[in-house]
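Since this is a predicted model, take the numbers as computed values, not measurements. Counting from 1, the numbers follow the sequence of the chain as shown.
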Amino acid sequence: MNVYGIEVNVKNIPKLDPGCIPMSAFTRAFEKSAENGREIVIAVERNQGQVAVRRCKIHGTAAMEQADRVYVDRTVKMLLWAYGGWKVIICGDDNMGKVIADAYRPGGSREFDAEFMGRVYETDFAVESLPLSAAPAEKSMTAPVGRHLDGCRIGFDAGGSDRKVSAVVDGTPVYSEEVVWYPKTNDDPDYHYEGILSAFKTAASKMPRVDAIGVSSAGIYVDNRTMVASLFNKVPRDLFDQKVKDIYIRAAKELGDIPLTVANDGDVTALAGAMSLEENRILGIAMGTSEAAGYVDADGNITGWLNELAFAPVDLQDDAMVDEWSGDKGCGVKYFSQDSVIKLAPRAGIQLDEGLSPAEKLKVVQAAMNEGKENARDIYRTIGTYLGHALAYYADYYDIGHVLLLGRVMSGEGGDIVIAEARRVLAEEYADAAGMELHLPDEKIRRVGQSVAAASLPELN
C-alpha cells in the first residue's frame with residue numbers, strides 16, 4: 001500500500017481491521033526510503049536533565065514533506081509517552097521544528113500531550129529547534145530499584161477497587177490482606193490518606209520493626225510524588241496539589257524516618273515478572289480498561305520512564321478510533337484493552353447491547369469464546385496481529401527480551417490466541433524482533449505478587 005508516498009508492505013493484515021497501517025511497517029519503510037536523506041536528531045528532556053535521543057533521517061524534500069511530518073510527529077509522540085519529557089528538541093531541520101512547535105502549542109493538535117507533560121514535570125512544555133551540531137547527548141540516570149529482600153518491609157499495592165498490603169520479612173510474606181475501597185469515586189483526599197495509612201499500620205503491626213516501605217500505585221510518580229493518577233481523579237485540583245502529591249510521603253512519615261519508594265504499578269508488575277522469571281529486559285503490558293505498561297531494563301532496574309503506551313501510536317490509518325481523552329487516533333488504548341474487543345465485536349458479527357458497561361461487553365465476547373464461536377476467535381486473532389506489529393515498533397524504543405501479558409483481555413483461551421498470533425507476526429515480518437519471548441503470568445509469577453515486589457523497591461540505608 002502507498003502511504004504518504006511511501007510503499008508499505010504488510011504481510012499480516014488484522015483480519016477484522018484491513019485498513020490498519022502498523023507503525024512498525026510504516027517506520028521501517030520510511031527509514032529505508034529516507035536513508036540518503038537529511039539527518040536530524042529528535043530529543044526529549046525529562047526530569048533531572050535526563051535526555052532521550054533518536055537519530056534518524058527524513059527526505060527533506062517538498063515532494064515528501066507530508067511523509068516527513070507524519071514520521072517526525074509520530075516519533076515525537078512515541079518518545080514522549082515511552083520516556084516522558086517536558087521539552088522536545090528538533091535538531092537539523094527548522095521546518096520540522098516549527099511543525100512540532102505548532103502542534104504542541106495551546107490549541108494545537110497535541111495540546112493534550114503538552115499539558116499532560118507540563119503537569120507531570122511541573123514546568124511549561126517547550127519545543128526547541130537547534131542546529132544538528134548542537135544536538136544533546138543521551139543522558140539517563142537509572143539506578144537499581146527493587147529486588148531488595150533484606151529486613152522488615154511493607155509492600156503496598158493501590159488498585160482501583162481494592163488495596164493490598166503485605167508484611168515481608170527477609171523476602172517472605174508473613175502477612176497479607178486485601179481491603180475493598182473506592183478511590184476513583186471519592187473526592188476527599190483524607191479518605192485516600194486514611195486508607196493508605198491504615199494499611200501501613202496494619203502491616204507494621206505484624207513485624208518487630210519497619211525498615212522500608214515500597215508502594216505500587218497506578219499513575220505517574222516522580223521522586224515519590226503523585227503527578228497524575230486516575231486513583232485520585234475526583235479530587236479537586238487544589239486539594240490534589242495540597243494533599244495528594246505527597247500523600248505516600250506523609251503516610252510513611254507517620255511510621256518514622258523510613259526509606260520509601262513509590263513506583264508505577266506497571267513497572268512493579270514487570271519487576272514481579274523479572275523476579276519470578278529470573279530474567280531482565282522485560283516489558284509488561286496489561287490489557288484491561290486501558291493499556292498499562294512497565295519495563296525492567298537489562299540491568300534489572302526500573303527506569304523512571306513514563307511507559308504510558310496507551311497514548312503511544314500503533315496505527316496510521318485515517319479512520320482509526322479516536323481516544324476520547326487525548327483526542328488522538330491510532331493509539332494503543334484502542335488496540336490493547338477492552339475497548340479493542342468492543343470495537344471489533346460488531347465487525348465479527350457479535351452485537352453488544354449499548355446499555356452494558358465495557359466490562360460486561362467484554363464478558364459477552366468471552367462467553368462466545370467459551371461457546372467455541374469462530375467469530376469470537378477472530379477478535380483475538382486480530383488483537384494478536386495488532387500486538388505482533390506493535391511489539392516490533394516498541395522494540396525500537398525498548399530493549400525487549402521478554403513480554404509479560406496480563407489483564408482481563410488476556411484471560412482464558414483468548415490470551416493464548418493473542419500470543420500465538422503475535423508470535424507468528426513477529427516471526428514472519430520482523431526477524432530483528434522475533435527473539436523476544438511472550439509470557440502469560442504463571443503460578444510462580446502470582447506467588448511473587450504485586451505487593452511483595454513493591455516491598456522490594458527501596459534499598460536500605
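- More than 12 heavy atoms of other shown residues, nucleotides or ligands fall within 6.0 angstrom of atom CG in Asp170.
- Residues satisfying the side-chain hydrogen bond (donor to acceptor under 3.5 Å, both in side chains) test with Asn233, not counting sequence neighbours, are none.
- Taking each heavy atom of Ala422 and Leu438 in turn, the nearest pair found is CB-CD2, 3.8 Å.
- Judged by distance alone, with hydrogens and angles left aside, the side-chain atoms of Asp162 form no donor-acceptor pair with the main-chain N or O of Val179 at under 3.5 Å.
- Qualifying salt bridge (Lys or Arg N to Asp or Glu O under 4.0 Å) partners for Glu128, counting only residues two or more places apart in sequence or in other chains: Lys87.
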Q.
Show, in sequence, the C-alpha distance, side-chain angles and deciding distance for Leu460 and His148, and conclude whether the side-chain contact (heavy atoms from CB on, under 4.5 Å) test is met.
A. CA-CA 8 Å; Leu460 299 187; His148 306 297; over 6 Å; no

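- Here the side chains of His402 and Met436 are not in contact, with every heavy-atom distance at 4.5 Å or above.
- Here Glu115 does not pair with Arg110 in a salt bridge; the nearest charged N to carboxylate O distance is not below 4.0 Å.
- At least one donor-acceptor pair under 3.5 Å links the side chain of Lys329 to the backbone N or O of Asp318.
- In this model, no donor atom of one side chain and acceptor atom of the other lie less than 3.5 Å apart for Gln338 and Thr289.
- Between Phe30 and Phe26, the two ring planes are tilted [angle within 30° to 60°].
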Q: Please test Leu356 against Lys363 for side-chain contact (heavy atoms from CB on, under 4.5 Å), starting from the C-alpha separation and ending with a verdict.
A: CA-CA 10 Å; Leu356 298 176; Lys363 287 180 180 178; over 6 Å; no

Q: Take Asp339 and Lys361, measure what salt bridge (charged side-chain N to carboxylate O under 4.0 Å, His left out) needs, and give me the verdict at the end.
A: CA-CA 9 Å; Asp339 283 2; Lys361 290 177 181 178; over 6 Å; no

Q: Would you check, one step at a time, whether the test side-chain contact (heavy atoms from CB on, under 4.5 Å) holds for Leu231 with Ser217?
A: CA-CA 8 Å; Leu231 294 175; Ser217 188; 3.3 Å; yes

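- Under the 3.5 Å distance criterion, with hydrogens and angles disregarded, no donor-acceptor pair is assigned to the side chains of Asp297 and Thr303.
- Side-chain atoms of Gln50 come within 3.5 Å of backbone N or O of Met141 as a donor-acceptor pair.
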Q. Does the salt bridge (charged side-chain N to carboxylate O under 4.0 Å, His left out) test come out yes or no for Glu122 and Lys245, once each step is laid out?
A. CA-CA 11 Å; Glu122 297 182 305; Lys245 279 195 174 181; 2.4 Å; yes

Q) Stepwise, does the ring pair (Phe, Tyr, Trp, His ring centres under 6.0 Å) test hold for Phe112 with Phe311? A) CA-CA 11 Å; Phe112 169 87; Phe311 297 110; 5.5 Å; yes

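- Between Leu405 and Ile419, the closest side-chain pair of non-hydrogen atoms falls below 4.5 Å.
- Heavy atoms only, all atoms of each residue included: Tyr182 and Val180 are closest at OH-CG1, 3.5 Å.
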(Q) Would Val409 and Tyr380 count as a side-chain contact (heavy atoms from CB on, under 4.5 Å) here? Give the steps. (A) CA-CA 9 Å; Val409 173; Tyr380 289 91; 4.3 Å; yes

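- A salt bridge between Lys243 and Asp190 is present, with a side-chain N of the basic residue lying under 4.0 Å from a carboxylate O of the acidic one.
- Between Ala167 and Lys206, the shortest heavy-atom distance links the atoms CB-CB, 4.1 Å.
- For Asp241, there are no side-chain hydrogen bond (donor to acceptor under 3.5 Å, both in side chains) partners, not counting sequence neighbours.
- A salt bridge is absent between Asp73 and Arg69; no separation between the charged side-chain nitrogens and carboxylate oxygens falls under 4.0 Å.
- Within the structure, every pair that satisfies the ring pair (Phe, Tyr, Trp, His ring centres under 6.0 Å) test and touches residues 150-175, not counting sequence neighbours, is listed here: Phe156-Phe200.
- Shown here for Ile302 and Leu457, the closest heavy-atom pair between the two residues is CD1-CD2, 3.7 Å.
- Minimum interatomic distance between Ile100 and Val76 (heavy atoms only, all atoms of both residues): CD1-CG2, 4.1 Å.
- For the pair Arg54 and Leu79, the minimum side-chain heavy-atom distance is below 4.5 Å.
- Although no hydrogens or angles enter the test, the distance criterion places no donor-acceptor pair under 3.5 Å between the side chain of Tyr386 and the main chain of Ser340.
- For the pair Leu362 and Arg408, the minimum side-chain heavy-atom distance is below 4.5 Å.
- Of the possible polar contacts, none joining the Ser290 side chain to the Ala292 backbone as a donor-acceptor pair under 3.5 Å is found.
- Not a single donor-acceptor pair under 3.5 Å links the side chain of Arg347 to the backbone N or O of Ile379.
- Across all non-hydrogen atoms, the minimal contact from Val452 to Pro173 is CG2-CG, 3.7 Å.
- When each of Thr385, Val314, Asp315, Thr382 is checked for a side chain to side chain contact (heavy atoms under 4.5 Å, CB included) with Cys20, only Asp315 meets the rule.
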Q | Stepwise salt bridge (charged side-chain N to carboxylate O under 4.0 Å, His left out) test for Lys334 and Glu324 | A | CA-CA 10 Å; Lys334 296 301 183 182; Glu324 300 87 352; 2.9 Å; yes

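- Between the side chain of Trp305 and the backbone N or O of Gly294, no donor-acceptor pair lies under 3.5 Å.
- Lys234 forms no cation-pi arrangement with Tyr191, by the criterion of a distance under 6.0 Å to the ring centre and an angle within 45° of the ring axis.
- Not one N or O on the side chain of Ser198 forms a donor-acceptor pair closer than 3.5 Å with the backbone of Gly195.
- When ring centroids are compared, Phe125 and Phe116 stay outside the 6.0 Å threshold.
- Figure legend: Arg281 and Tyr398 shown without cation-pi pairing, the cationic atom not lying both under 6.0 angstrom from the six-membered ring centre and within 45 degrees of its axis.
- With a 4.5 Å cut-off on side-chain heavy atoms, Pro236 and Leu239 count as touching.
- Side-chain contact between Met275 and Arg147 is present, with heavy atoms from C-beta onward closer than 4.5 Å.
- Applying the side-chain hydrogen bond (donor to acceptor under 3.5 Å, both in side chains) test to residues at least two apart or on different chains, the pairs with a partner in residues 75-86 are Lys77-Asp113, Lys77-Asp328, Trp81-Asp113.
- Here the side chain of Arg163 pairs no donor or acceptor atom with the backbone of Ala158 at under 3.5 angstrom.
- With hydrogens and angles disregarded, no donor-acceptor distance shorter than 3.5 Å links the side chain of Thr27 to the backbone of Ser24.
- Side-chain contact check for Val72 versus Ile58: some heavy-atom pair is nearer than 4.5 Å.
- A cation-pi arrangement, defined by a distance under 6.0 Å to the six-membered ring centre and an angle within 45 degrees of its axis, is present between Arg250 and Tyr193.
- A donor atom on one side chain and an acceptor atom on the other are not found under 3.5 Å apart for Asn307 and Asn264.
- Residue pairs meeting the ring pair (Phe, Tyr, Trp, His ring centres under 6.0 Å) criterion with at least one member in residues 214-262, sequence neighbours excluded: His192-Phe232.
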Q. For Asp246 and Arg225, what are the C-alpha separation, side-chain angles and deciding distance, and is it a salt bridge (charged side-chain N to carboxylate O under 4.0 Å, His left out)?
A. CA-CA 5 Å; Asp246 65 347; Arg225 299 170 70 231; over 6 Å; no

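- The side-chain heavy atoms of Ser411 and Gln366, taken from C-beta on, include a pair separated by under 4.5 Å.
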